[in-house]
Amino acid sequence: MPAIFELMHTVADGDLDGLGHANNISYLKWMQSAALGHSAAQGWSAQAYATLGCGWVVRSHYIEYLSPAQFEETIVVRTWVADLKKVTSLRRFRIVTERDGKEILLATAETDWAFVDYRTGAPKRIPPEVSSAFEVVTSDN
């Protein structure tokens, strides 16, 4: 299973803002899709969390935009788990594209997640079967 997950996406018209480049909300959607895809690849789909009765909710996002994604450009969202604590996890992202044969870093980001009981919304210790499914990658990829 991948320690670092990659999601490819072609920037569509619906991703754009009034300035003609990818809207900040699009970046959040791509990050969410990559996080969910990585979790599912590790055996933890939305259905698996529903069956467990607990799962992840976002506590905070941080995004640094370095270069705008353009219409019809193919981007790659790389994500990995950078930290796992008792009830929280930090997930990092690098969003890149290729221009003129060179990889261009469009944005770096991170999301702080909390593991909660779906019924009560209260924080809950991450079960070993969940935490053991993810390799913690401490380097900045």
Side-chain angles (χ1 to χ4, degrees), residues 1-99 101-141:
M1 298 298 165
I4 300 172
F5 183 82
E6 293 189 349
L7 173 78
M8 292 186 69
H9 176 78
T10 301
V11 179
D13 189 51
D15 293 322
L16 304 179
D17 62 17
L19 300 175
H21 55 66
N23 187 302
N24 61 315
I25 298 302
S26 295
Y27 283 82
L28 284 172
K29 289 178 182 176
W30 302 335
M31 291 163 54
Q32 179 84 1
S33 293
L36 294 173
H38 187 206
S39 189
Q42 301 304 108
W44 286 97
S45 65
Q47 181 58 47
Y49 288 117
T51 300
L52 188 63
C54 48
W56 301 103
V57 296
V58 172
R59 293 178 55 191
S60 66
H61 292 293
Y62 172 80
I63 304 173
E64 183 176 6
Y65 302 99
L66 303 167
S67 183
Q70 304 294 328
F71 178 62
E72 294 185 342
E73 191 167 51
T74 299
I75 59 143
V76 177
V77 181
R78 293 188 185 117
T79 187
W80 61 94
V81 174
D83 190 17
L84 272 170
K85 296 182 180 175
K86 291 179 186 178
V87 297
T88 63
S89 177
L90 182 67
R91 176 176 286 281
R92 292 209 167 108
F93 302 85
R94 288 176 60 88
I95 302 171
V96 300
T97 193
E98 188 175 304
R99 294 180 185 150
K102 295 181 182 177
E103 184 173 279
I104 304 298
L105 182 60
L106 302 176
T108 61
E110 61 184 40
T111 300
D112 189 28
W113 296 83
F115 204 77
V116 299
D117 182 299
Y118 285 159
R119 187 179 54 78
T120 66
K124 181 175 178 153
R125 182 180 289 272
I126 303 166
E129 63 266 33
V130 173
S131 61
S132 67
F134 298 93
E135 180 180 338
V136 173
V137 178
T138 56
S139 64
D140 243 0
N141 293 290

Task: Residue pair Ala3 / Trp80: nearest heavy atoms and the distance that separates them - done: O-CB, 3.5 Å

Open item on the list: Contact between Trp113 and Val58 at the side-chain level, heavy atoms closer than 4.5 Å - yes or no?
Closed with: yes

Open item on the list: Filter on ring-ring contact (aromatic ring centres under 6.0 Å, His included), then keep only pairs touching residues 8-33, sequence neighbours left out; what's left?
Closed with: His9-Trp30, Tyr27-Trp30, Tyr27-Tyr65

Task: Shortest non-hydrogen separation from Ala48 to Gly43 and the atoms involved - done: CB-O, 4.0 Å

- [ ] May I ask you to test the Ser89-Phe115 pair for a side-chain heavy-atom distance under 4.5 Å?
- [x] no

Open item on the list: Treating Ser39 as the side-chain partner and Ala35 as the backbone partner, does any N or O pair qualify as donor plus acceptor under 3.5 Å?
Closed with: no

Task: For the student: nearest non-hydrogen atoms of Gly20 and Gln70, plus distance - done: O-OE1, 4.0 Å

TODO: Evaluate the side-chain proximity of Thr88 to Leu90: yes if any heavy-atom separation is below 4.5 Å, no if none is.
DONE: no

Open item on the list: Please report the interatomic distance CZ(Arg59) to OG1(Thr111), rounded to the nearest 0.5 Å.
Closed with: 12.0 Å

Task: Heavy-atom pair of closest approach, residues Gln42 and Ala133 - done: NE2-O, 2.7 Å

- [ ] Measure the CG-CD distance between Leu105 and Glu64 for me, rounded to the nearest 0.5 Å.
- [x] 8.5 Å

Task: Minimum heavy-atom distance Thr138-Ala82, with the two atoms named - done: CG2-O, 4.5 Å

Task: Point-to-point distance, once rounded to the nearest 0.5 Å, from CD of Glu73 to OG1 of Thr97 - done: 3.5 Å

TODO: With rounding to the nearest 0.5 Å, note down the distance linking NE2 in His38 to CZ in Phe93.
DONE: 10.5 Å

- [ ] Compare every heavy atom of Thr79 with every heavy atom of Ala34, then report the nearest pair and how far apart it is.
- [x] O-CG2, 3.8 Å

Task: Check: Ile75 and Leu106 side chains under 4.5 Å, non-hydrogen atoms - done: yes

Under 3.5 Å, which donor-acceptor pairs link side chains of residues 121-130 to any protein atom two or more places apart or in another chain?
none

TODO: Rounded to the nearest 0.5 Å, what's the gap from CG on Leu7 to CD on Gln32? Could you check?
DONE: 11.5 Å

Open item on the list: If I take atom CG from residue Asp13 and atom CD from residue Glu72, how far apart are they, to the nearest 0.5 angstrom?
Closed with: 9.0 Å

